Amino acid sequence: MTTNVPAYAAPAAKAPLERTTVPRRAVGAHDVLIEIKYAGICHSDIHQVRDGWGEGIYPMVPGHEIAGVVTEVGTSVTRFRAGDRVGVGCFVDSCRECAYCAQGLEQYCTRGMTGTYNDRDKNGDPTHGGYSTHIVVDENYTVRVPDALPLDVAAPLLCAGITLYSPLSHWKAGPGKKVAIVGLGGLGHMGVKIAHAMGAEVTVLSQTLRKEADGRKLGADHFHATGDPATFEKLAGTFDLIVSTVSAPLDFGAYLGLLKTDGALVNVGAPEEPISFNLFSLITGRRTLAGSMIGGIAETQEMLDFCAEHGLGAEIEVIRADQINEAYERVLASDVRYRFVIDTATI
């Protein structure tokens, strides 16, 4: 039997979010019922609410940075019990059978992972995200939030944290490696923190020097303005790894020129517009242009444990649910340092 729970949803594309109720399925044998305490606002929420990535499913309840407490478990659940502190990230199911799911790379499931919101589950029902008071999730797609991490600063780790941890880990950021993070926003600020904790020499590449003090406080060793053409001349051939977090099109040729031979430029931002660049930027330096998308469940747990060990959480501004629409406009204006988190008790 389904239960209706309070939520904030966009009733149509580009419409303001409003208070409503959405159905949650009955707790199945392998499910956990989570009382959501905090939900982060990701830039991708805005893209999807406003049909920036294609036609959405409405009403849409965004939110895939979810932190809360288990209040009920199914009869066959073994990993969690009532009272556990848990998180839910960008997906809530996958095929569980393909080679990628078998490797713990559920985010690359060949049949497609099931998004936490703006998707349909195996029964064809729309999924609804974390801008709500409760959610029911299979235990296998739920992670444990370590006690050392407060739930409010942990919520953004379920997307922003893992989105940066995964490529930094995969491309082996660490001692002796020079890593650049493009953009110091909700994603970028976690990239700086994580790369620094991994032992890399970290540079922030931002349009201006306006956030330099913040960048250095977060762990950056260097800070350069990309709005100054001399930056690209000065830093040519410098980096082993560049991670771009921005969702606007970049001059990829210019950024590729900042890499050493065999360096990689990894894009985790998702511009709505197509991009083009000169392939000679790749060929002449045996460089790599790559993409990366979140992490699997095991890697997400690894990331949370790493952040707890190193005392890393997101820099947040906690808001009431009735401030969501205002927060969206502030995100678009880059007026947040560095992640809005909704106190879901106010829904």
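This structure is a prediction, so every number in the text was calculated from the model and none was measured.
Heavy-atom contacts from other residues, nucleotides or ligands closer than 6.0 Å to CD of Q207 number 12 or fewer. Atom OH of Y100 has 12 or fewer neighbouring heavy atoms from other residues, nucleotides or ligands inside a 6.0 Å radius. A 6.0 Å sphere centred on CZ of R286 holds no more than 12 heavy atoms belonging to other residues, nucleotides or ligands.
Remark: S334 pairs with no residue by the side chain to side chain contact (heavy atoms under 4.5 Å, CB included) rule, at least two apart or across chains. Residues meeting the ring-ring contact (aromatic ring centres under 6.0 Å, His included) test with H43, sequence neighbours left out: H47. Scored by the salt bridge (Lys or Arg N to Asp or Glu O under 4.0 Å) test, R320 finds D322 as partners (sequence neighbours excluded). Remark: H222 pairs with E201, T203, H224 by the side chain to side chain contact (heavy atoms under 4.5 Å, CB included) rule, at least two apart or across chains. Legend: residues meeting side chain to side chain contact (heavy atoms under 4.5 Å, CB included) with N4, ordered by chain and number and at least two apart, are T21, P23. In this structure, E309 has no salt bridge (Lys or Arg N to Asp or Glu O under 4.0 Å) partners at least two apart in sequence or on a different chain.
Considering every non-hydrogen atom in both I316 and P156, the closest pair reads CG2-CG, 4.0 Å. The two atoms that bring R339 and E65 nearest to each other are NH2-OE2, 2.6 Å, heavy atoms only. Closest approach of K193 and A314 over heavy atoms only: NZ-C, 4.5 Å. Taking every heavy atom of both residues into account, Y165 and E302 meet most closely at OH-OE2, 2.6 Å. A pairwise comparison of heavy atoms in L164 and V268 identifies CD2-CG2, 4.4 Å as the closest pair. Nearest heavy atom pair, residue I342 against residue A321, reads CG2-CA, 4.0 Å.
Looking at E329 and R50, a side-chain N of the basic residue comes within less than 4.0 Å of a carboxylate O on the acidic one, giving a salt bridge. Under the 4.0 Å criterion applied to side-chain N and carboxylate O atoms, D31 and R24 are not assigned as salt-bridge partners.
R287 contributes a side-chain N or O that, together with a main-chain N or O of L256, makes up a donor-acceptor pair within less than 3.5 Å. With hydrogens and angles disregarded, no donor-acceptor distance shorter than 3.5 Å links the side chain of T288 to the backbone of A290. Put simply, the side chain of T226 never gets that close to the backbone of L205: no donor and acceptor are under 3.5 Å apart. Between the side chain of S206 and the backbone N or O of L184 there is no donor-acceptor pair closer than 3.5 Å. Of the possible polar contacts, none joining the E299 side chain to the I162 backbone as a donor-acceptor pair under 3.5 Å is found. In this structure, the side chain of K37 does not engage the main chain of L151 through any donor-acceptor pair within 3.5 Å. Between the side chain of R111 and the backbone N or O of E97, no donor-acceptor pair lies under 3.5 Å.
Neither L168 nor L265 shares a network with the other; the hydrophobic side chains, linked directly or stepwise wherever heavy atoms of I, L, V, M, F, W or Y lie under 4.5 Å apart, form separate groups for each. Under a hydrophobic-cluster definition in which Ile, Leu, Val, Met, Phe, Trp and Tyr are linked whenever side-chain heavy atoms come within less than 4.5 Å, directly or via other members, V86 and V341 are assigned to the same cluster. No chain of hydrophobic side-chain contacts below 4.5 Å, direct or via other Ile, Leu, Val, Met, Phe, Trp or Tyr residues, connects V69 to V27. When hydrophobic clusters are built by joining Ile, Leu, Val, Met, Phe, Trp and Tyr residues whose side-chain heavy atoms come closer than 4.5 Å, directly or via intermediates, V73 is grouped together with I135. Clustering ILVMFWY residues whenever any of their side-chain heavy atoms sit less than 4.5 angstrom apart, transitively, puts V318 in the very cluster that holds L312.
For residues 177-197, the ring pair (Phe, Tyr, Trp, His ring centres under 6.0 Å) pairs, not counting sequence neighbours, are H189-Y338. Every pair tested for ring pair (Phe, Tyr, Trp, His ring centres under 6.0 Å) that includes a residue from residues 4-39 fails, sequence neighbours excluded, so the list is empty. Contacts classified as ring pair (Phe, Tyr, Trp, His ring centres under 6.0 Å) and involving residues 108-132 (residues at least two apart or in different chains) are given here: H64-Y117. Within the structure, the salt bridge (Lys or Arg N to Asp or Glu O under 4.0 Å) test picks out no pair touching residues 217-236 (sequence neighbours left out).
With contacts defined as side-chain heavy-atom distances shorter than 4.5 Å, the pair C95/E106 does not qualify.
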Please evaluate residues D125 and N123 with respect to the criterion side-chain hydrogen bond (donor to acceptor under 3.5 Å, both in side chains), reporting the C-alpha separation (whole Å), side-chain torsions for both, the decisive distance (0.1 Å), and the verdict.
CA-CA 6 Å; D125 296 321; N123 296 319; 4.5 Å; no

Take R96 and D138, measure what side chain to side chain contact (heavy atoms under 4.5 Å, CB included) needs, and give me the verdict at the end.
CA-CA 12 Å; R96 314 184 192 205; D138 187 296; 3.1 Å; yes

Could you pull out all donor-acceptor pairs under 3.5 Å where a side-chain atom in residues 76-83 meets a protein atom, sequence neighbours excluded?
unit_1 : atom_1 : unit_2 : atom_2 : d
R79    : NH1    : E139   : O      : 2.4
R79    : NH1    : T142   : O      : 3.4

Anything under 3.5 Å between a donor and an acceptor, one on a side chain of residues 169-182, the other on a protein residue two or more places apart or in another chain? List them.
unit_1 : atom_1 : unit_2 : atom_2 : d
K177   : NZ     : K172   : O      : 3.3

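Side-chain N/O atoms of Y141 and T116 include no donor and acceptor closer than 3.5 Å.
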